[in-house]
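Proteins get letters first, then strands, A, B, ... in listed order; numbering begins at 1 in each.
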Number of protein chains: 2
Amino acid sequence: MAKDHPTVLVVEDEPAQRDVLSYNLEAEGFEVVSTDDGEEALLLVAEIVPDIIVLDWMLPGISGIEICRRLKTRTETAGIPVLMLSARSEEVDRVRGLETGADDYVVKPYSVMELMARVRNQLRRVRPAATGQRLEYEGIILDAETHRVTRDEKPLKLGPTEFRLLSTFMEKPGRVWSREQLLDRVWGRDIYVDSRTVDVHIGRLRKALCAHGGDDPLRTVRGAGYALG
Amino acid sequence: MAKDHPTVLVVEDEPAQRDVLSYNLEAEGFEVVSTDDGEEALLLVAEIVPDIIVLDWMLPGISGIEICRRLKTRTETAGIPVLMLSARSEEVDRVRGLETGADDYVVKPYSVMELMARVRNQLRRVRPAATGQRLEYEGIILDAETHRVTRDEKPLKLGPTEFRLLSTFMEKPGRVWSREQLLDRVWGRDIYVDSRTVDVHIGRLRKALCAHGGDDPLRTVRGAGYALG
DNA sequence: TAAAAGCGTTACGAAACTGTCGCAAAAGGG
DNA sequence: CCCTTTTGCGACAGTTTCGTAACGCTTTTA
């Protein structure tokens, strides 16, 4: 029903490796999409907008390094963390890998635990709420671990949907989210609900946020969507 | 020279598998001893007295199942948790595995994270003090060593399941645990138990905690799970 | 070996939450 | 200033989630 699991895109040409990665990532509760093809990867990124990309260095066709470079030079995708995998261990490669903009670099053979830790580490930057962190904005504190929300020390009562909605806003204060983006993120990619439903929940969130007084921190951007602050 | 890291004995004949296991277990801070031979395993158990044994089902010479049987029928070794690994997935095997006294059973291919979690899970059973001897929260004191719980000096009567449930909560007061996470930690990953069963035990735990008066310290987080405080 | 305690499932009522609708209010555009 | 588009929001009915009592079964205890 609801989606709060981050999506990982795995780009790896060797099937066995790909399976191990998918299996373990899924077991950790991530939503995994994988491909063995560089071109397809670039298309998938635009389509599914993953929260993080795990990218093999060596690929048939476009190399991983090239994919990374392209992603990092496009503003829409530059923010997505890229974790490079490589069979080589030379220092040169590590440097080159990070030069192209990869956010982290893991040398094969790697410990699965280590890889998971690094994936989580990157996610912590992009999806703080999904990794159980504390978010704060203008006196509003959202603690993902305890599921508690307070405004100016006073506890707020939010339903599950309002909670996820607020988490999304607080991960990037100021960012404007369209109704469709919110439906994707808060409700789930494959669920159909009328986009006006978002309005209603925004309204409910507003009411909850202002329950003890204070300004409405949510901004309506006519024709575009909503934003926090 | 005190040994603060639990020792794991890995019995697995395929070198690649053995290496993966050792690597990941060591990365997790366990002390690992491994062998590919069943006879040697039996000798090693007597020698090093591991805290837990990870045992492959199929071995040249003595089978894993036979090793398990022998260990479980000797009183000195019966208490050591045995985690069975198997490439087969038939129900028959699962049943037979648990019949011989294995404490848990993992089917290949397994998630490394899952395996680690199960190892930790078994260890917790044997060394409840591993995380800390005495937990306290708001007048509730749980002594892992004596298996006793008091609230405001008054002793509480908890069943085994409620005890484990409470110790999970007290490990991280405030943290919200989903029903699935609780099933994992308190029950065990392999057995199918309806997730609603958690509710019932939460209810029982609540009743026990409030037996001598006082507020209900457990918080229900709709759509997410439960938390202490 | 009988009694007691503990366990997991089910059923059902209560409460909370959800999505949709309809209309009023607000915002833009010309 | 009026007309169109977009948004706010109360109301409502349907659905989901939760708490708990009851029950049969297994394990432990005396």
Practice item. Quickly, which of Arg118(A), Arg124(A), Lys72(A) forms a salt bridge (charged side-chain N to carboxylate O under 4.0 Å, His left out) with Asp103(A)? Name it, please. Key: Lys72(A)
Point to revise | Check: Arg222(B) main-chain N/O paired with Thr220(B) side-chain donor or acceptor under 3.5 Å | key: no
Exercise for review: Please confirm whether the backbone N or O of Lys154(B) pairs with a side-chain atom of Asp152(B), one donor and one acceptor, at under 3.5 Å?
Suggested key: no
Exercise for review: Could you grab the distance from atom CG of Leu21(A) to atom CG of Leu115(A), nearest 0.5 Å is fine?
Suggested key: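 Going from CG on Leu21(A) over to CG on Leu115(A), the span is 6.0 Å.
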Review point. Distance from Phe163(A) atom CZ to Leu205(A) atom CG, nearest 0.5 Å?
Key: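 Reported value, rounded in 0.5 Å steps: 11.5 Å.
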Revision key, fill the gap. Per nearest nucleotide of DNA chain C, the residue lying toward the 5' end, His201(A) or Gly159(B), is Gly159(B)
Could you state the [atom1]-[atom2] distance from [X] to [N], rounded to the nearest angstrom?
{"X": "Arg204(A)", "N": "dG10(D)", "atom1": "CZ", "atom2": "P", "value": "10 Å"}
{"X": "Asp199(B)", "N": "dG13(C)", "atom1": "CG", "atom2": "P", "value": "18 Å"}
{"X": "Arg219(A)", "N": "dT7(D)", "atom1": "CZ", "atom2": "C1'", "value": "16 Å"}
{"X": "Lys157(A)", "N": "dA16(C)", "atom1": "NZ", "atom2": "P", "value": "7 Å"}
{"X": "Ile191(A)", "N": "dT20(C)", "atom1": "CD1", "atom2": "P", "value": "11 Å"}
{"X": "Leu205(A)", "N": "dG8(D)", "atom1": "CG", "atom2": "P", "value": "12 Å"}
{"X": "Leu165(B)", "N": "dG8(C)", "atom1": "CG", "atom2": "P", "value": "11 Å"}
{"X": "Phe163(B)", "N": "dA5(C)", "atom1": "CZ", "atom2": "C1'", "value": "17 Å"}

Practice item. Run the salt-bridge test on Asp143(A) and Arg148(A) with the 4.0 Å N-O cut-off and return the result as yes or no. Key: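 Salt bridge absent between Asp143(A) and Arg148(A).
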**Study point:** Arg18(B)/Asp56(B) salt bridge by N-O under 4.0 Å criterion
**Key:** no
Does a nitrogen or oxygen in the side chain of [X] sit under 4.0 Å from OP1 or OP2 of [N]?
{"X": "Thr220(B)", "N": "dC18(D)", "answer": "no"}
{"X": "Thr161(A)", "N": "dC17(C)", "answer": "no"}
{"X": "Trp187(B)", "N": "dG8(C)", "answer": "yes"}

Determine the minimum heavy-atom distance between [X] and [Y], stating which atoms define it.
{"X": "Gly132(A)", "Y": "Glu145(A)", "value": "O-CB, 4.0 Å"}
{"X": "Tyr137(B)", "Y": "Pro173(B)", "value": "CD1-CB, 3.6 Å"}
{"X": "Leu59(B)", "Y": "Asp13(B)", "value": "CD2-N, 3.8 Å"}

Exercise for review: Would you mind classifying the nucleic acid contact of Tyr226(B) as base, sugar-phosphate or nothing, using non-hydrogen atoms under 4.0 angstrom?
Suggested key: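 Sugar-phosphate, no base atom in range.
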Restricting to nitrogen or oxygen on both sides, can you table the protein-nucleotides 21-28 of chain C pairs closer than 3.5 Å?
from	atom 1	to	atom 2	distance (Å)
dA27(C)	O4'	Arg222(A)	NH1	3.3
dA27(C)	N3	Arg222(A)	NH2	3.3

Check your understanding: Quick one: which of Ile202(B), Asp199(B), Asp184(B) gives a side chain to side chain contact (heavy atoms under 4.5 Å, CB included) with Arg179(B)?
Key ->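 The side chain to side chain contact (heavy atoms under 4.5 Å, CB included) with Arg179(B) is passed solely by Asp199(B) among Ile202(B), Asp199(B), Asp184(B).
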Point to revise | Among Leu123(A), Val82(A), Thr7(A), Leu25(A), side chain to side chain contact (heavy atoms under 4.5 Å, CB included) partner for Ile52(A) | key: Leu123(A)
Practice item. Mind grabbing the angle between the end helix axes of the helix from dT1(C)-dA30(D) to dG30(C)-dC1(D)? Five pairs an end, 10° rounding. Key: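 Axis-to-axis angle, ends of the helix: 40°.
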**Study point:** Contact residues, residues 206-218 of chain A to DNA chain D [heavy atom, < 4.0 Å]
**Key:** Arg206(A), Lys207(A)
